[in-house]
Amino acid sequence: MRIDIITLFPEFVLQVGEYGVTGRAVECGLIDLHTHNPREFALDAHRTVDDRPYGGGPGMVMKVEPLRAAIGVARRQSPTAEVIYVSPQGRRLNQALVRELAQRESLILLAGRYEGIDERVIEHDVDDEISLGDYVLSGGELAAMVLIDAVSRLQAGALGHEESARQDSFSDDLLDCPHYTRPDTVDGHAIPAVLNGGDHAAIARWRRKQALGRTAQRRPDMIEGVELSAEDAVLLNQYMREIE
């Protein structure tokens, strides 16, 4: 998968491909990262990429020409890629959207700075807008890096164990179940006995119950959208009775 990132800070963004799962994906050739700095396409000697907003107000706005030129280069190198502007005004990123994006052959991510980018770029050069959530960052680079990390781990071979992705939080619209490792007891608190029993069916039921219960407790908005099977309903009721 090729990902082009349009950013004023290419060295910063490329660090996401140097560590962890994303670093492994890059090393194995599963993810191919490229950056395009709008400053390289500025039209003046000072390589200016921003200007004061029309109508007045604080801050600066990224200019059309450098952004459009950088987008043009990225489009020529990835003709089928959509341009995604990472913006608080975009649709919310969730695991379903990550899975959708991870299936594509290429993406072009546009990271804004300052007060944002000229609206004409959004109207005529951007195909989609995606937001991490209802808050503001200093720029789009961190949001782009989060998106890159999320789609990288879904590339076949990126994880050490393919089952890991299927068991992640949100993989089936639920939060993940609790996880434990050795030692069995810490400060008098032992792991749930079922995890040491060797009954894999019982362990699977326990994990499903915990995922359902945690989601209902912590993200009731999510559990409302989950179609529960008859067994799920029983497990969820058991969980709620146990915590009363």
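All figures in this text were calculated on a predicted structure; none of them were measured in a lab.
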S152 and L30: side chain to side chain contact (heavy atoms under 4.5 Å, CB included), yes or no, with the steps?
CA-CA 8 Å; S152 294; L30 303 175; over 6 Å; no
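- Proximity of a side-chain donor or acceptor of E100 to a complementary backbone N or O of A96 within less than 3.5 Å is not detected.
- Counting heavy atoms from C-beta outward, Y239 and L212 have side chains that stay 4.5 Å or more apart.
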Before giving the answer on side chain to side chain contact (heavy atoms under 4.5 Å, CB included), spell out for V73 and F41 the whole-Å C-alpha distance, their side-chain angles and the decisive distance to 0.1 Å.
CA-CA 10 Å; V73 171; F41 304 93; 3.7 Å; yes
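- For the pair I243 and Q217, the minimum side-chain heavy-atom distance is below 4.5 Å.
- Contact record, R104 with I84: NH1-CD1, 4.4 Å, taken as the closest heavy-atom pair.
- In this structure, Q89 places its CD atom where only 12 or fewer heavy-atom neighbours from other residues, nucleotides or ligands lie under 6.0 Å away.
- Remark: side-chain polar atoms of D127 are paired, donor with acceptor, to backbone N or O of V83 under 3.5 angstrom.
- Formation of a donor-acceptor pair under 3.5 Å by the T215 side chain with backbone atoms of L175 is found in this model.
- Taking CG of L93 as the start and CG of L132 as the end, the distance is 6.0 Å to the nearest 0.5 Å.
- Between R214 and C177, the shortest heavy-atom contact is NH1-C, 4.5 Å.
- Between Q77 and R2, some side-chain heavy-atom pair lies under the 4.5 Å cut-off.
- Residue E18 qualifies as enclosed at atom CD: its count of foreign heavy atoms under 6.0 Å is above 12.
- Side-chain contact check for D232 versus V226: every heavy-atom pair is 4.5 Å or farther apart.
- Rounding to the nearest 0.5 angstrom, the gap separating the CG atom in N196 from the CD1 atom in I191 is 4.0 Å.
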Go through I3 and V151 one step at a time and tell me if the side chain to side chain contact (heavy atoms under 4.5 Å, CB included) criterion holds.
CA-CA 10 Å; I3 302 178; V151 300; 4.0 Å; yes
Could you check L109 against I148 for side chain to side chain contact (heavy atoms under 4.5 Å, CB included), going step by step and ending with a plain yes or no?
CA-CA 9 Å; L109 306 181; I148 291 167; 3.8 Å; yes
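- Residue V61 is not grouped with residue V49 when hydrophobic side chains (ILVMFWY) are merged at heavy-atom distances under 4.5 angstrom, including chains of intermediate members.
- In terms of heavy-atom proximity, P192 sits nearest to W206 at CG-CZ2, 3.5 Å.
- Criterion: ILVMFWY side-chain heavy atoms under 4.5 Å apart, direct or through other members. Under it, M62 and L43 are not part of a common hydrophobic cluster.
- No side-chain heavy atom of L67 sits under 4.5 Å from any side-chain heavy atom of D125.
- One finds a salt bridge joining K209 and E242 here, because a Lys/Arg side-chain nitrogen approaches an Asp/Glu carboxylate oxygen to under 4.0 Å.
- Taking each heavy atom of S131 and S87 in turn, the nearest pair found is CB-O, 2.9 Å.
- Ionic pairing of D128 and R91 is present here: one or more N-O contacts between side-chain nitrogen and carboxylate oxygen are shorter than 4.0 angstrom.
- Inter-residue side-chain proximity for L137 and V86 is flagged as unmet; no heavy-atom pair is nearer than 4.5 Å.
- The environment of NE2 in H46 is sparse: at most 12 heavy-atom neighbours from other residues, nucleotides or ligands sit within 6.0 Å.
- Put simply, the side chain of L97 reaches to within 4.5 Å of the side chain of L101, judged on heavy atoms.
- Here CD of Q210 is found 12.0 Å from CG of L174. Values are rounded to the nearest 0.5 Å.
- Across all their heavy atoms, A144 and I5 have their closest contact at CB-CG2, 4.4 Å.
- Of the charged side-chain nitrogens involved, none lies within less than 4.0 Å of a carboxylate oxygen, so that D4 and R76 do not count as a salt-bridged pair.
- T7 pairs with exactly one of R113, E141, R39, H36 by the side-chain hydrogen bond (donor to acceptor under 3.5 Å, both in side chains) rule, that one being E141.
- One hydrophobic cluster holds both Y114 and Y135 under the rule that ILVMFWY side chains link at heavy-atom gaps under 4.5 Å.
- Residues Y19 and V26 fall into different hydrophobic clusters, defined by Ile, Leu, Val, Met, Phe, Trp and Tyr side chains chained together at heavy-atom separations under 4.5 Å.
- Between the side chain of R205 and the main chain of L235, no donor-acceptor pair closer than 3.5 Å is present.
- Here the straight-line distance linking atom NE2 of H34 with atom CG of L14 works out to 9.5 Å at 0.5 Å rounding.
- Taking each heavy atom of P38 and L8 in turn, the nearest pair found is CD-CD2, 3.9 Å.
- If you take CD on E224 and CZ on R219, they are separated by 11.0 Å, rounding to the nearest 0.5 Å.
- For the atom pair CZ (R207) and CG (L195), the distance works out to 6.5 Å, reported to the nearest 0.5 Å.
- Remark: the backbone N or O of M145 is not paired with any side-chain donor or acceptor of D149 at under 3.5 angstrom.
- Remark: E119 CD is packed, more than 12 non-hydrogen atoms of other residues, nucleotides or ligands lying under 6.0 Å away.
- At distances below 3.5 Å, at least one donor-acceptor pair connects side-chain atoms of Q155 with backbone N or O atoms of A102.
- Looking at L154 and Q95, their side chains come closer than 4.5 Å, going by heavy atoms from C-beta outward.
- Salt bridge present: R92 and D134 bring a charged side-chain N and a carboxylate O closer than 4.0 Å.
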